[in-house]
There are 2 protein chains.
Amino acid sequence: MLRLSKLTDYAVVVLTRLEEAEEGGVTTAPVLAAATGLAEPTVSKVLKILSHAGLVEGRRGAAGGYRLTRAIAEMPLTEVITAIDGPIALTACVDNTFGLCDAEATCPVRGRWDPVNDAIRRALSGISIADLAAAPAIVPHPEVVAAE
Amino acid sequence: MLRLSKLTDYAVVVLTRLEEAEEGGVTTAPVLAAATGLAEPTVSKVLKILSHAGLVEGRRGAAGGYRLTRAIAEMPLTEVITAIDGPIALTACVDNTFGLCDAEATCPVRGRWDPVNDAIRRALSGISIADLAAAPAIVPHPEVVAAE
DNA sequence: GCAATCTGGACCCAATTGGTCCGGATTGGA
DNA sequence: TCCAATCCGGACCAATTGGGTCCAGATTGC
């Protein structure tokens, strides 16, 4: 399975809740933790990463908290993934750097995942966080339930 | 980064070499290992998985070996990924099964990665192993070299 | 000056993955 | 008939990665 880190999942949740909770002001990490059901240190970590990427803005001090830098509708999913998981690429060998793979000389696919990566980047661009939040609610799969 | 397992990478290499080496006959694992530069047990493992998925066919016995069940041009990349990494989905929560996530009640993105997964599946369908093998050879990135 | 909050980092534990190995089954040839 | 070569299925171990926690410091408002 194409693993995406859990942190990215959390980030989407946190961003969504953050927009809901926002009333022009800031929201603290503990409040977001309570709203999402996640552990506070984890939420804090996610927010720190997102802050570093410029997706949210942290304000220190007594009345501090976090604030979105823009609406989640204007926030492409790719930016969140890139912020947390790093550049979008399927394999480590994909960036054409040298000296990583000891089978370099005989490896016939070195640097050839590019079309795949491009395809994925194209597929992901155009999807915003708001698109995820606005997706239809969960529909239980009857066959899954019945199979057990 | 959207990590894809190394085994998948190996699989593409092995399949490519397998088609090159094929002359109507079968190819043994040790021969493929030598041709790819990979360790023999690893190649064997990859072939076993691919065999289980029906992408290659193993023939036992003295004159045994492996054989492609079809040309790699007819072999979509998605099948290889699915065979080795499992179903193509970005997160573990994505299949709408229950009882996995303890924050289920408050998790606002449960089952909402579906559009993303669909987009990726669409992007990947239509890419065959042959497309990867036929991609232009590695062009060293001058800026990377110059940067060091 | 104090309390509340973000910031940046180090740190540890668990899980997944990469990789190896072995016994058994099967097939072809001597 | 026997033997060697090969695939097959599984168990097994080591290591890297990621999830998660915590703490000291900086900043801000009261």
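Everything numeric here is computed off the predicted structure, so don't read it as measured data. First the proteins, then the strands, lettered A, B, ... as listed; each starts at 1.
Between A:His52 atom NE2 and C:dC6 atom C1' the separation is 14 Å, expressed in whole Å. Between A:Glu40 atom CD and C:dT7 atom C1' the separation is 14 Å, expressed in whole Å. Put simply, CG on B:Leu50 is 16 Å from C1' on D:dG9, counting in whole angstrom units. A straight line from CD1 of B:Ile49 to C1' of D:dC8 spans 13 Å, rounded to a whole angstrom. B:Ile81 has its CD1 atom 17 Å from the C1' atom of C:dT17, to the nearest Å. The separation between A:Arg67 atom CZ and C:dT7 atom P is 12 Å, rounded to whole Å. For the pair A:Leu4 CG and D:dG18 P, the interatomic distance rounds to 11 Å; values are reported in whole Å.
For the side-chain contact (heavy atoms from CB on, under 4.5 Å) test, residues two or more places apart in sequence or in another chain that qualify with B:Ala11 are B:Val46, B:Leu50, B:Val80, B:Ile84. Listed by chain and residue number, nothing satisfies the side chain to side chain donor-acceptor pair (under 3.5 Å) test with A:Thr42 (two or more places apart in sequence, or in another chain). The side-chain contact (heavy atoms from CB on, under 4.5 Å) check on A:Ala73 picks up A:Ala130, with sequence neighbours excluded. A search for salt bridge (Lys or Arg N to Asp or Glu O under 4.0 Å) contacts involving A:Glu79 returns A:Arg70, not counting sequence neighbours. A:Thr8 pairs by the side chain to side chain donor-acceptor pair (under 3.5 Å) definition with A:Ser5, A:Asp85, not counting sequence neighbours. Not counting sequence neighbours, the partners of A:Ala53 by the side-chain contact (heavy atoms from CB on, under 4.5 Å) test are A:Leu55, A:Ala83. Legend: residues meeting side-chain contact (heavy atoms from CB on, under 4.5 Å) with B:Arg122, ordered by chain and number and at least two apart, are B:Asp118, B:Ala119. For the salt bridge (Lys or Arg N to Asp or Glu O under 4.0 Å) test, no residue two or more places apart in sequence or in another chain qualifies with B:Glu40.
Between B:Tyr10 and C:dG18, a side-chain N or O to OP1/OP2 separation shorter than 4.0 Å is absent.
At a cut-off of 3.5 angstrom, the base of D:dG10 holds at least one donor-acceptor pair with the side chain of B:Lys48. The base of C:dG19 sits within donor-acceptor range of the side chain of B:Lys45, with an N or O pair under 3.5 Å.
Counting any heavy atom pair closer than 4.0 Å across all strands shown, A:Leu7 reaches sugar-phosphate atoms only and no base atom.
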For nucleotides 13-16 of chain C, list the nitrogen or oxygen atoms of the protein found under 3.5 Å from its nitrogen or oxygen atoms, one pair per line.
none

Output one line per pair: protein atom, nucleotide atom from nucleotides 2-6 of chain D, and distance, for all N/O pairs under 3.5 Å.
unit_1, atom_1, unit_2, atom_2, d
D:dT6, O4', B:Gly61, O, 3.1

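The shortest heavy-atom contact between B:Tyr66 and B:Ser51 is CE2-CB, 4.2 Å.
No chain of hydrophobic side-chain contacts below 4.5 Å, direct or via other Ile, Leu, Val, Met, Phe, Trp or Tyr residues, connects B:Val26 to B:Met75.
In this structure, the nucleotide among D:dC8, D:dT21, C:dT7 sitting nearest to the side chain of B:Ser51 is D:dC8.
For residues 45-58 of chain A, the set of pairs meeting the salt bridge (Lys or Arg N to Asp or Glu O under 4.0 Å) definition, not counting sequence neighbours, comprises A:Glu57-A:Arg67.
Here the side chain of A:Glu19 pairs a donor or acceptor atom with the backbone of A:Ile72 at under 3.5 angstrom.
Two end axes, each from the C1' atoms of five base pairs, can be drawn for the helix from C:dG1-D:dC30 to C:dA30-D:dT1; they diverge by 10°, to 10 degrees.
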